Amino acid sequence: MSLQQFNFYQQPLTAIKDSKVLINTINAHSYNVSRTDTLFQEALLKSDVLIPDGISVVWATQWLAGQKIRKIAGADLFFYEMERLRLKGGKCFFLGSNVTTLTIIRERAKKEYPNVVVQTWSPPYKAEFSAEDNIEMIDAVNSFQPDVLFIGMTAPKQEKWSYQHFNQLKASHVCCIGAVFDFYAGTVQRAPQWVIKMGMEWFYRLVKEPKRMWRRYLIGNIKFIWAVINEKLTS
């Protein structure tokens with residue numbers, strides 16, 4: 001699997017069509033997983049919009065293809081969508097996370113975006129959903145028919161689920177944004193802007209959550225670098 005096979009979105013977020021689209025993000029971790037998970041790989045490749053949400057992906061693409069691209073964070077997508085809904089008075093649905101986090105999200109959104117109608121659903125915490133789980137989640141979304149569906153189940157579960165059920169979902173923009181649920185709720189603190197601008201957001205998360213993130217960033221980054229070097233040497 002080549003990094004250069006991915007078509008990274010580089011237009012302004014305002015250029016995303018107002019029709020039904022599947023929006024995913026990709027970083028080094030996602031790329032690593034996609035090399036051995038064919039369904040995840042397919043879900044990313046067939047995204048209507050694939051956002052490079054990882055500085056390592058940006059640097060690797062520049063080195064491999066001489067293509068200058070910019071990082072667009074999942075948080076950037078989230079705040080763009082919420083502002084878009086605020087201006088038109090739309091509806092959004094948060095699918096994922098736990099009841100506590102979703103309650104905080106609803107309360108904060110109510111204060112910051114009072115004319116955006118918000119609905120949430122916390123799916124069962126399990127490795128794989130049953131057919132009944134899937135029907136329940138789809139029905140919850142479709143009964144609300146949101147302008148924007150935010151999915152936060154962590155990668156690759158969220159991307160595979162949204163890809164498999166995309167045609168069944170009555171939602172316009174379907175956005176897989178993972179950790180943004182926790183960032184917005186404040187249950188996980190996002191890196192300061194100066195750290196993000198330095199391209200060190202990954203290091204900040206590693207320091208903040210070493211037990212959960214060490215494998216992704218220490219081993220994962222080495223795997224990513226090796227894959228990129230190998231791609232350069234064989235291309």
Side-chain angles (χ1 to χ4, degrees), residues 9 13-26 30 39-40 42-51 53 72-99 101-110 112-126 128-185:
Y9 184 82
L13 292 173
T14 52
I16 298 176
K17 295 178 181 178
D18 203 20
S19 56
K20 186 174 181 179
V21 291
L22 177 59
I23 307 174
N24 282 316
T25 66
I26 184 171
S30 300
L39 179 58
F40 183 40
E42 184 178 342
L44 293 178
L45 287 170
K46 293 190 176 180
S47 305
D48 296 302
V49 174
L50 184 61
I51 292 174
D53 181 12
I72 305 173
D76 297 332
L77 171 67
F78 170 74
F79 285 113
Y80 162 73
E81 292 284 15
M82 292 301 289
E83 180 63 16
R84 183 174 71 89
L85 295 181
R86 184 190 69 79
L87 292 173
K88 77 173 195 175
K91 301 190 294 183
C92 70
F93 195 105
F94 291 84
L95 177 63
S97 196
N98 55 61
V99 173
T101 298
L102 293 176
T103 300
I104 297 170
I105 287 173
R106 283 198 307 272
E107 290 303 313
R108 180 175 175 183
K110 186 177 180 180
E112 297 180 344
Y113 306 96
N115 62 332
V116 177
V117 183
V118 178
Q119 185 58 273
T120 62
W121 185 271
S122 178
Y125 186 73
K126 55 174 72 172
E128 290 188 14
F129 297 124
S130 66
E132 291 76 16
D133 293 332
N134 290 326
I135 290 170
E136 197 170 27
M137 288 188 282
I138 293 167
D139 286 348
V141 172
N142 290 351
S143 64
F144 189 65
Q145 297 188 26
D147 299 290
V148 179
L149 169 60
F150 295 118
I151 302 179
M153 303 177 191
T154 72
K157 184 193 289 188
Q158 60 192 12
E159 290 83 3
K160 292 195 286 187
W161 190 89
S162 61
Y163 175 64
Q164 289 177 304
H165 301 288
F166 182 69
N167 292 330
Q168 299 167 267
L169 293 166
K170 294 180 181 178
S172 182
H173 288 186
V174 179
C175 310
C176 296
I177 57 172
V180 177
F181 278 46
D182 290 319
F183 293 154
Y184 189 63

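Note that the structure is predicted; figures quoted are calculated from it, not measured.
M137 CE to L169 CG: the interatomic distance, rounded to the nearest 0.5 Å, is 9.5 Å. Atoms CD1 and CG, from I138 and D133 in turn, are 10.5 Å apart once rounded to the nearest 0.5 Å. Atom CH2 of W161 and atom CE of M153 lie 5.0 Å apart (nearest 0.5 Å). Taking CZ of F183 as the start and CD1 of I177 as the end, the distance is 10.5 Å to the nearest 0.5 Å. In this structure, the separation between CG on L77 and CG on L13 is 6.0 Å, given to the nearest 0.5 Å. Residue I26 holds its CD1 atom at 7.0 Å from CZ of F40, rounded to the nearest 0.5 Å.
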Residues D48, K20; criterion salt bridge (Lys or Arg N to Asp or Glu O under 4.0 Å); working and verdict: CA-CA 9 Å; D48 296 302; K20 186 174 181 179; over 6 Å; no
Chi angles and distances behind the side chain to side chain contact (heavy atoms under 4.5 Å, CB included) call for Q164, L39: CA-CA 9 Å; Q164 289 177 304; L39 179 58; 3.5 Å; yes
Evaluation steps, side chain to side chain contact (heavy atoms under 4.5 Å, CB included), between C92 and F150: CA-CA 7 Å; C92 70; F150 295 118; 4.0 Å; yes
Working for side chain to side chain contact (heavy atoms under 4.5 Å, CB included), residues Q145 and F93: CA-CA 8 Å; Q145 297 188 26; F93 195 105; over 6 Å; no
V148/C175 under side chain to side chain contact (heavy atoms under 4.5 Å, CB included): CA gap, chis, key distance, verdict: CA-CA 7 Å; V148 179; C175 310; 4.0 Å; yes
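Nearest heavy-atom pair, F129 versus P124, reported as atom, atom and distance to 0.1 Å: CE2-O, 3.3 Å. Scanning both residues, L149 and A171, for their nearest heavy atoms gives CB-CB, 3.9 Å. In plain terms, the two heavy atoms of V118 and F144 that are nearest each other are C-CZ, 4.2 Å. Across all non-hydrogen atoms, the minimal contact from S19 to H173 is O-CD2, 3.4 Å. Considering all non-hydrogen atoms of both residues, A185 and I105 come closest at CB-CG1, 4.0 Å. Closest non-hydrogen pair, I23 versus I16, comes out as CD1-CD1, 4.1 Å.
Residues forming a salt bridge (charged side-chain N to carboxylate O under 4.0 Å, His left out) with D139 (at least two apart in sequence, or on another chain): none. With sequence neighbours excluded, the residues satisfying side-chain contact (heavy atoms from CB on, under 4.5 Å) with S122 are V99, L102. Not counting sequence neighbours, the partners of Q168 by the side chain to side chain donor-acceptor pair (under 3.5 Å) test are H165. Judged as a salt bridge (charged side-chain N to carboxylate O under 4.0 Å, His left out), and not counting sequence neighbours, the contacts of E112 are R108. K157 meets the salt bridge (charged side-chain N to carboxylate O under 4.0 Å, His left out) test with no other residue; sequence neighbours excluded. Taking Q158 as the reference, nothing meets the side chain to side chain donor-acceptor pair (under 3.5 Å) condition, with sequence neighbours excluded. Shown here are the side chain to side chain donor-acceptor pair (under 3.5 Å) partners of T120, two or more places apart in sequence or in another chain: R106. Taking S162 as the reference, L22, N24, I151, V174, C176 meet the side-chain contact (heavy atoms from CB on, under 4.5 Å) condition, with sequence neighbours excluded. Contacts of K17 classified as side chain to side chain donor-acceptor pair (under 3.5 Å), with partners at least two apart in sequence or in another chain: none.
In this structure, Y184 and Y113 have tilted ring planes: the angle between them lies in the 30° to 60° band.
Within the structure, the salt bridge (Lys or Arg N to Asp or Glu O under 4.0 Å) test picks out no pair touching residues 172-185 (sequence neighbours left out). Pairs passing the salt bridge (Lys or Arg N to Asp or Glu O under 4.0 Å) check and including a residue from residues 83-95, sequence neighbours excluded, read D18-R84, E81-R84, E83-R86, K88-D147. Screening residues 164-179 for salt bridge (Lys or Arg N to Asp or Glu O under 4.0 Å), with sequence neighbours left out, gives no hits.
Two rings, from F181 and F94, have their centers less than 6.0 Å apart.
Side-chain atoms of S47 do not come within 3.5 Å of backbone N or O of L50 as any donor-acceptor pair. When atom types are taken as modelled, the side chain of T101 and the backbone of N98 share no donor-acceptor pair closer than 3.5 angstrom.
Contact annotation: the side chain of I72 approaches that of Y9 to within less than 4.5 Å [non-hydrogen atoms, C-beta and beyond].
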